[in-house]
Amino acid sequence: MDYLLHVLILIGIYIILAVSLDLMAGYAGMLSLAQAAFFGIGAYSFALMSNRVAGGFLVVIGCAAAFSGMVGACVGYPSLRIRTEYFAITTLGVQVVLSSLFNNCVSLTGGPMGMTNIPAPIIGRWVASSKLSYLILTAVAVGLVIAVSRLLVCRYTGRVLRAIREDEVFTESLGINVAGYKITISAISASMAAVAGCIYAAYFSFIDPSSFSLTESVAIVSAVILGGAGSVFGPALGAALLISIPEALRFVGLTTATVANLRQILYGSVLVILMLVRPRGLVGQFDFGRKAR
Amino acid sequence: MILECIGLSRRFDGVQALVDVSMAFRSVGLVGVLGPNGAGKTTLLNVLTGFLEPEAGRVVFAGSDIAGLSPHKIAALGIRRTFQDVRLIREMTVMENVILAGEAVGVSQGYWPDWSAWFRPRVSKGRQDGQCMLEGIGLGDLGGERAGRLSYGQQKLLTLGCCLAGNSRVLLLDEPVSGVDPVMKEHIIDVLSRLRDLDKLVVFVEHDTDTVRRVADSVIIMDEGRIIAAGPPAVVLNRPDIVEAYLA
């Protein structure tokens, strides 16, 4: 039972990451390869602040999300001048820089040894002390992130983001502040990823840079592409499949090390096959490969 | 005068696209801009709408200098444009394109986007206005069709519709009838003629002299970045020097 709860918690965390990336990449057409870095910013912020900031889990998570959002806004800034794959390459650079910081700022992050003894979340008198309580916490966060995402994309803002994705020049010519929307959506996406990072850090009570590497960013992109961009529930489905399939392989007698390697192969294969066969993923609305003009 | 250009100049890699261009437009009327390729017509539109910054000169709209403002700020002030190539959101329906164009009216001109737009009521009002406008330009039956599936001429017409949806005071149209079939050309010319009743300034760049002659109240002839003639079409387009040099 504990194992099932553990898998569900992981699925929940990756759903948040995939939905957050989908807002930016699926709707606004800003493919980011730095989502794991924002995930890491959230996790390290939580680890660093949870023993130092009064006010409990919600205050810490708010601060972490705000900080990550500010970094996300800075990362979104280059998108005003560079688009599509060039923006993706820029975010790849951001991911590499932040991964390097996680690894080398030993006094702050613990370096490759990571940070331990991260305290459990406390909200009022409620303490997350069991896997079930973490699952509830994750489910609430997933619900909030999906609700915010749906609210953002279901009306005017959704139309604006889709328009920006397809033709920024036309969108700007209508009087829409494309630059402002791109920076803001980048900040919101980074904040959501930071929320996932906080839950991750609290749940495992230990973090190290390997959890926030480029490989994880690729995994998050894979989840969005597998489920389908621009559909909120598509990335959630993709995240659920990408976490549960490798876990299912354990039951056919494969060792943990083998499953870990197969996981990377699975992500890579998903990207290659879907780009060839179904670029819009399982339930997505947009072809991921379509370029903005 | 609602729109004035004063001494506009712009150069591209040694090519002088606009040379000290000055002109003034009344608040209502249809003005055609004619000239050969490379005359600076589209550059002029790009400068007027903020997509290019002039190297010298001013653009005055309703008393304010707007040269150097970003395109979305200029559009929000009330100057909308179409492009030479069709620019639409092809994956959206015709109605969604028009609603988007209509909703963008009055959005924040500040740096941050107008998230308050999210709290606006759902689009039923915008849909009614959009349907009314689409019927006015002859696309009333195609509201549910994806914009990308329309014919080229219908897409050109829809770009004009998106311009109109903003209820802007000035419309700048870049070659509204180029590349469309003769039937659609007649239809677009009819729509352009009816814009005269809308109390707007419409400036349209064209290569087609016949369209300008039939639609425009006044015409501006450009060549090598300069205005070489301006006035009523009946006068300017019959001047022997203009006919021989540019319109023959």
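We name chains A, B, ... by the order of the sequence lines, and we start the count at 1 in each one. Heavy atoms only: backbone and side chains are in, while hydrogens, waters and symmetry mates are out.
When side chains are defined from C-beta on, B:H72 does not count as touching A:S173, because their heavy atoms never get closer than 4.5 Å. Contact annotation: the side chain of B:M92 never approaches that of A:E166 to less than 4.5 Å [non-hydrogen atoms, C-beta and beyond]. With contacts defined as side-chain heavy-atom distances shorter than 4.5 Å, the pair A:Y156/B:I99 does not qualify.
Atom CG of A:D167 sits about 5.5 Å away from atom CD1 of B:I89, to the nearest 0.5 Å. For the atom pair CZ (A:R162) and CD (B:E96), the distance works out to 4.5 Å, reported to the nearest 0.5 Å. Considering CD1 of A:I176 and CG of B:L100, their distance stands at 4.5 Å, rounded to 0.5 Å.
Smallest separation of non-hydrogen atoms from B:R87 and A:F170: O-CD1, 3.1 Å. Listed here is the closest heavy atom pair of B:A75 and A:L174: CB-C, 3.9 Å. Between A:R159 and B:E103, the closest heavy-atom pair is NH2-OE2, 2.6 Å.
The local environment of CD in B:E53 is sparse, with at most 12 non-hydrogen atoms from other residues, nucleotides or ligands closer than 6.0 Å. Dense packing is recorded around OH of B:Y152, with more than 12 heavy atoms of other residues, nucleotides or ligands lying under 6.0 Å away. B:F25 CZ: more than 12 foreign heavy atoms inside a 6.0 Å radius. Under a cut-off of 6.0 angstrom, the local environment of CZ in B:R194 is crowded, with over 12 non-hydrogen atoms contributed by other residues, nucleotides or ligands.
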